[in-house]
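Report on one structure; see the data block that follows.
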Amino acid sequence: MIDTNLIKLDPKQVFESLKSKKYELNLEAFDAFELDRKNFQTQTEDLQAQRNTLSKEYGLLRKEGKEDKTLNDQIESIKIELDACSQKLTDTQGSFRDFLLDIPNLPSDSTPKGGGESENVKMRDFGKPLISGGKDHLDITSLINTEAANILAGSRFAVLVGKIAKLQRALIAFMLDKAEEHGYQEHYLPLIANAESLTATGQLPKFADDLFQLTDDYFLIPTAEVPLTNLYRDQIISADNFPLKLTAHTTCFRSEAGSYGKDTRGLIRQHQFEKVELVQICHPDHSDQTLESLTSHAESILQELNLPYQVVELCTGDLGFSAAKTYDLEVWVPSQETFREISSCSNCTDFQARRAKIRFKEDGVSRLAHTLNGSALAAGRTLIAVIENYFDQHSTIIIPEVLQDYTKFKSIEL
RNA sequence: GGAGAGUUGGCUGAGUGGUCGAAAGCGCCUCCCUGCUAAGGAGGUAUACGGGUAACUGUAUCGAGGGUUCGAAUCCCUCACUCUCCGCCA
């Protein structure tokens with residue numbers, strides 16, 4: 001949720017800022033909601049105050065054994081009025097909240113302006129793509145079986161077999177160990193989250209279609225960002241502990257309703273994939289620099305795997321709902337002769353913290369923390385990158401050196 | 001899944017219909033006293049939202065939601081969680 005005070009203070013600026021993120025803020029509706037809310041709230045509280053004093057009076061009279069019919073009637077009529085008024089207040093607050101939950105986070109001042117993907121800004125790169133074209137990962141190895149998965153579940157799933165399955169496991173273990181080296185505390189988490197958690201991090205109510213819903217209040221998580229961030233929902237954190245650095249490997253589930261026809265082949269876009277996630281919760285003054293360090297932690301994994309990648313800063317038009325600033329890490333995928341997103345590192349500023357009520361105390365006042373998250377990395381896509389970039393173009397996938405302690409083998413003969 | 005007990009402020013813990021946002025103790029903060037890392041004294045010390053330039057002030061919150069009542073931490077219902085016992089299971 002964005003700070004409503006900002007809208008009150010400088011509506012035009014907020015409007016323009018959101019517009020750069022392709023969101024048309026309805027200022028008239030906002031004003032109307034705010035006015036209604038204020039009226040109904042003051043009125044309700046006023047009536048409650050009246051009821052409280054009159055009830056006290058009534059009680060004192062009662063104690064003396066007296067009755068007062070007028071007083072009784074007065075209380076009765078206040079109650080009727082109060083009921084109506086507080087109902088209106090509840091309704092207004094509900095619709096106002098729905099309205100606010102729909103508004104995306106404001107882009108940071110430093111975020112480049114732009115309409116979409118093509119206007120993202122390349123920041124830096126690492127390594128040189130050595131292989132271009134050639135077989136893709138499905139053609140390289142039969143240890144990725146999409147036909148079998150299709151029988152088991154449907155499209156956009158995969159069965160990994162033998163050394164490829166183990167390679168993915170090695171990648172995950174390696175990533176978690178790197179995260180630990182960087183000071184992140186590992187977590188094992190529920191893969192199911194409730195609506196409240198998903199609302200706090202911004203997936204709900206707006207993006208319900210992207211989620212697999214199990215029952216009324218059970219959803220499969222689309223990312224470990226949800227449970228990790230919600231670990232601190234409704235809490236006041238001691239600022240001494242900042243920054244909180246959390247990590248977890250989880251399976252992620254995405255229904256990706258909007259993406260049919262895109263990346264239909266291979267492991268790029270799946271309903272289910274493995275990911276190691278980094279989350280930091282920090283002081284608002286430090287979140288800019290925290291994003292840089294969190295991104296560098298994700299990058300270090302690609303560097304140690306010696307995979308060519310580039311870092312791209314998303315422009316305002318391509319920014320996610322909860323993010324104020326985002327760096328995408330894009331790894332070289334030889335068969336596609338292009339860089340593909342393998343990690344997305346975002347500063348969500350106080351947007352999630354406001355929804356989740358994640359606060360800390362400073363000089364006796366409680367303030368909202370800033371939350372950041374990033375993949376380090378998406379394991380399925382890293383697996384593709386390793387297979388394709390380490391394929392010798394004949395019959396062997398070489399295992400990157402840093403993974404060999406984990407796999408216990410040095411190559412996969414095909 | 002069955003039976004029972006419980007859930008109060010940072011912590012311990014009192015409170016079974018009104019004067020209770022809540023005793024007392026601990027902790028913490030400020031000040032006083034004290035020539036010394038102690039003891040004593042005074043005051044302060046929840047969260048959220050609203051009104052007000054401010055001093056200040058209103059409302060709500062005693063696990064959550066609903067109900068009874070002029071009035072609910074206190075009575076009733078539903079749910080969640082914790083603990084104990086039984087059953088079942090990885």
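Since this is a predicted model, take the numbers as computed values, not measurements. Here is the naming used below: chain letters follow the sequence lines, and residue numbers restart at 1 for every chain.
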* Using atom P of each nucleotide, how far apart are B/G2 and B/G51 to the nearest Å? ->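 Pairwise P distance, B/G2 against B/G51, rounds to 49 Å.
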Parallel, tilted or perpendicular: which fits the ring planes of [X] and [Y], with parallel below 30° and perpendicular above 60°?
X	Y	value
A/Phe242	A/Phe360	perpendicular
A/Phe339	A/Trp332	perpendicular
A/Phe33	A/Phe96	parallel

Using purine N1 to pyrimidine N3 plus N6-O4 or O6-N4 for Watson-Crick, or N1-O2 and O6-N3 for G-U wobble, each under 3.5 Å, what pairs with [N]?
N	answer
B/G63	B/C79
B/A54	none
B/A73	none
B/G27	B/U45

* To do: Between A/Thr44 and A/Tyr58, just flag the one whose closest nucleotide in RNA chain B comes earlier from the 5' side.
  =>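 So the residue in question is A/Thr44.
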* Asked: Between A/Leu60 and A/Arg37, which has a closest nucleotide on RNA chain B that is more 5'?
  ->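 On the 5' side of the pair lies A/Leu60.
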* Does atom CD of A/Gln404 have more than 12 heavy-atom neighbours from other groups under 6.0 Å away? ->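 Atom CD in A/Gln404 is crowded, with more than 12 foreign heavy atoms closer than 6.0 Å.
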Using OP1 and OP2 only, check whether a side-chain N or O of [X] sits under 4.0 Å from [N].
X	N	answer
A/Asn52	B/C70	no
A/Lys38	B/G50	no
A/Arg51	B/A60	yes

* Starting at atom CG of A/Leu47, determine the distance to atom P of B/U59, rounded to an integer number of angstrom. =>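 One finds 12 Å between P of B/U59 and CG of A/Leu47, rounded.
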* Asked: Counting side-chain heavy atoms from C-beta on, which of B/A60, B/C49, B/G51 comes nearest to A/Glu45?
  ->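 Nearest listed nucleotide: B/C49.
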